[in-house]
*Asks:* 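The structure's right below; bear with me while I get my questions together.
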Amino acid sequence: MATLLEFRDVSKRYGNDTLALSHVSFSVNEGELVSIIGPSGAGKSTLLRCINRLIEATSGEVIFDKTNVQQLSKGKLRALRTKIGMIFQSYNLVDRLSVFENVLHGRLGYKPAFVGALGLYHESEKKQALEILKSLGLEDQVYKRCDQLSGGQKQRVGIARALVQEPRMLLADEPIASLDPSSSKTIMDHLRHISTSLGITVLVNLHQLDIALNYADRIIGVSQGKVVFDGLPSELTDETIRTIYGADSEELNLNIPESKEVARKI
Amino acid sequence: MKMIRTAGPALTGRDPFTAKRIRIKLLTRSALVIRMTILMLALLTLLGFLTFNYQGVNFFKGVAATLSNFKVIFIQPAFAHVTFQGAIGELLITLSLGILTTLLGAVIALFLSLFAAKNLSNRMTSNIVKELVAIIRAVPTVLWVLIFAVSAGLGSVAAVIGMSFHSISYLTKAYSESFEEMDRGTIEALEGCGASWWQIVWQAVIPSSLTSMISWTFIRFEVNFGVAVAMGAAAGAGGIGYDMFMDSSYYYNLHEMGAIAYFILIVAMILEYGSVKIKDKIRA
Ligand SMILES: Nc1ncnc2c1ncn2[C@@H]1O[C@H](COP(=O)(O)OP(=O)(O)OP(=O)(O)O)[C@@H](O)[C@H]1O
Ligand SMILES: [Mg+2]
C-alpha cells in the first residue's frame, strides 16, 4: 500500500516553553484507519492540525501525497485542504444555517472567492451533497437549521461536510467525546465504513481506548508530544498503555483487558 | 492578577463552609471600588441640590409654572402654523435623514468592522481601527455635525455627513463585537475546508451575527431619528425638528409644540414596535 502521509521529525513549540510535539515521525498508508491515543495535553490535536496547517509546525516535514505541506503557497494550500476533510468534537457547524448549507460549505475550497461567498453551487454539487446526506441517514433533516439537531446528527452533518470535499484523508479530532454511547457507535461505524468502503484514509484522535482498539487498523500512542507506540491494536501491551497514559493509566486498566479481548475477536 | 485573586478571600476573610451567613460572592477589590463610586456619586448629588444657586426663583413656583406649560403642551395640542399633512411631510424628511445616515453608517461600518474584529483581522489593523472609531465615538454626534458645518455650511449636508460619521464608528464597534463572539472552531473548520477569508465572512461570520447586527442597526436608527429631530433645530437640517424649534423660540406656540411632540412620540413608538417585530422574525 502506498504511503499517503508522512511525518518526518516534526516538532511544534508554543511560546517558549510548551513543546507540544517533539520529533514526531510516523507514516500512514492509503485507506488505513489510524487512531491516535494519549492523555489530555499529549499533543493529539496539535498533531492533527499540523497536517492541514491550521497550526504551523515549528520544524520537520509533513509530506502529504508526495508534497511537502509546509512549502505550499497560499493558493496551493487551499487546494491541499480540499483534499483533507476534518471533523471536530464540537462539530463546528454554522448553527444558524441549514444542514444543506453547512454540507455545501465543503465545496467552498473548490470555488473562486466571490462565487463561494455568495453561496452559489452547481446542481451537481447539490445532488452530491444530498446523496451523502442520505447515506448518513440525514435525508429528513436537509432543510433543518443545525441548532435544532442532536449531537449525533450534528456530527453526521460534520462528516457530510467533510465527505462532500471528496477528500483523500479525513481527520477527526475526538469526534465522539461529546456523544452518548449509541451515537458514538454510529459515528465510529461511519468512519470505519468511510475507510473500508470509500478507501479514504482516516486519522482519528480518541480518548476512549476501548473504542480505538475496536475500530482502528493501527494505533499511534502519543505522550508528552512524543510517539511512544506505533503498531497494531493487538500489539498494545499493558506496559505500553502505562507508558502512554502515565499516572492516568490506573483507572483505564480496569477495562483494558476486556476490551482487548473484544479487539482480538474482531 | 494573582494579587487580586488572593486579595478576595483576604478582604472578606470568610470560609463559606464555616461562616454563619454564607456569601455567594466574594467582595473583590473591583466590587469594592464600584460600591465606593456609587456612594460618592450619591453624596455629590445631594450636595449639589443643597448648594444650587436658585437666584431668587422660587423652587415651588418654578415647578408649578413648568407643570402648567406641560399641561398646555400635552393636554391642549393643536396645529397652527403647519397643517397635519405638512407635519407628515416634515416628519418624512426627518425619517429620511435617520434612514439615510443609518444606512450609510451600516454599509461602511460593515467593512470596517471586518478589519476591527480580532478573529478576522490581524492584531495591529484591529487595534488601529478600534482606536480610530473610539476617538470618533467620543465626540458627540451634534459636535460632528457642527464640525462638518465649517466646510459644508450649516444645513442638511453637514447633518448627513456628521450623523453618518458617528453612526459608522458606533456600528463598527457593535458589529465587530458581534463578529468576535463567533465560535473560533467554526472559522477553523471552514479554513480547514479550504475556504477563503471572504467566503468565511459571508458564509459563516455574517449569518451567525445577523440577528445582533440587525438589532444594533435598529437601535442606531432610533438614535439617529432622535438626532435628526434635534438637527432640524440645531443645524437647520429641516424636518419636523425645525418646526418645533420655530414654535418654541419664535412663535411661542406651546399648543403646536404639543402636537408635534405627540407626532414624534407616535413615530418613535412605531419604530420600537417594528424593531421588536423584526427581531422576533429573525430569531424564529
Ligand atoms: N494555542 C496554544 N497556545 C499555547 N499552548 C497550546 C496551544 N494549543 C495547545 N497548547 C498546549 O500544547 C499541548 C498539547 O495540546 P493539544 O491540544 O495538542 O493536546 P491534546 O492531546 O489534543 O489534548 P486533549 O486530549 O485535552 O484535547 C498542551 O500542553 C497545550 O496546553
Ligand atoms: Mg485535543
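Please read these numbers as outputs of a predicted model, since none were measured by experiment. Values reported hereafter were calculated over all heavy atoms of this structure, with side chains retained and with hydrogens, waters and symmetry mates removed. Letters A, B, ... are given to chains in the order of the sequence lines, protein chains preceding strands, and every chain is numbered from 1.
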*Asks:* If the test is side-chain contact (heavy atoms from CB on, under 4.5 Å), which one of A/Val28, A/Asp65, A/Leu203 qualifies with A/Leu4?
*Replies:*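 Among A/Val28, A/Asp65, A/Leu203, the one that satisfies the side-chain contact (heavy atoms from CB on, under 4.5 Å) with A/Leu4 is A/Asp65.
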*Asks:* Fit a plane to each ring of B/Phe225 and B/Phe221, take the angle between them on a 0 to 90° scale, and name the class: parallel (under 30°), tilted (30 to 60°) or perpendicular (over 60°).
*Replies:*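 Judged by the thresholds at 30° and 60°, the geometry between B/Phe225 and B/Phe221 is tilted.
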*Asks:* Against chain B, work out which of A/Leu54, A/Thr82, A/Leu80 has the most heavy-atom pairs shorter than 4.5 Å and name it.
*Replies:*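 It is A/Leu54.
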*Asks:* Side chains of B/Tyr170 and B/Thr141 only: does a donor on one sit below 3.5 Å from an acceptor on the other?
*Replies:*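 Side-chain D/A pair, B/Tyr170 to B/Thr141: absent.
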*Asks:* Given B/Ser209, which partner from the list B/Thr211, B/Ile206, B/Val205 fulfils the side-chain contact (heavy atoms from CB on, under 4.5 Å) test?
*Replies:*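 Passing option: B/Val205.
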*Asks:* What residue in B/Gly194, B/Ala204, B/Gly185 has the most heavy-atom pairs under 4.5 Å with chain A?
*Replies:*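 Option with the greatest count: B/Gly194.
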*Asks:* For chain A, which candidate among B/Glu191, B/Glu188, B/Arg184 shows the most heavy-atom pairs at distances under 4.5 Å?
*Replies:*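 Among B/Glu191, B/Glu188, B/Arg184, the one with the most close pairs to chain A is B/Glu188.
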*Asks:* Select one option (side chain, backbone, both, neither) describing which atoms of A/Leu118 are under 4.5 Å from chain B's heavy atoms.
*Replies:*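 Only the backbone of A/Leu118 comes within 4.5 Å of chain B.
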*Asks:* With side chain to side chain contact (heavy atoms under 4.5 Å, CB included) as the criterion, how do B/Leu114 and B/Tyr175 come out once you've worked through the C-alpha distance, each side chain's angles and the decisive distance to 0.1 Å?
*Replies:* CA-CA 8 Å; B/Leu114 293 174; B/Tyr175 291 171; over 6 Å; no
*Asks:* Can you say whether A/Leu97 sits under 4.5 Å from chain B via the side chain, the backbone, both, or neither, judging by heavy atoms?
*Replies:*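 Only the side chain of A/Leu97 comes within 4.5 Å of chain B.
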*Asks:* For chain B, find which of A/Gly158, A/Gly116, A/Pro167, A/Ala79 contributes the most heavy-atom pairs closer than 4.5 angstrom.
*Replies:*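 Of A/Gly158, A/Gly116, A/Pro167, A/Ala79, A/Gly116 has the most heavy-atom pairs under 4.5 Å with chain B.
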*Asks:* Check whether A/Asp95 gets within reach of chain B through its side chain, its backbone, both or neither, counting any heavy atom under 4.5 Å.
*Replies:*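 Interface part for A/Asp95: neither.
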*Asks:* Could you tell me which of B/Asp183, B/Leu190, B/Ile187 has the largest number of non-hydrogen atom pairs under 4.5 Å with chain A?
*Replies:*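 Greatest number of close heavy-atom pairs with chain A: B/Leu190.
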*Asks:* Name the option with the most non-hydrogen atom pairs under 4.5 Å to chain B; the candidates are A/Arg107, A/His105, A/Glu101, A/Lys83.
*Replies:*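 The answer is A/His105.
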*Asks:* If only side-chain N and O atoms count, and only distance matters, is there a donor-acceptor pair under 3.5 Å linking A/Ser90 with A/Asn92?
*Replies:*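 Side chains of A/Asn92 and A/Ser90: pair found under 3.5 Å.
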*Asks:* Is A/Arg53 close to chain B through its backbone or its side chain, or both, or neither, when contacts mean heavy atoms under 4.5 Å?
*Replies:*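 Neither part; nothing is under 4.5 Å.
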*Asks:* Minimum heavy-atom separation for A/Gly60 to A/Gln70, with atom names?
*Replies:*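 Taking A/Gly60 first and A/Gln70 second, the nearest heavy atoms are O-NE2, 3.4 Å.
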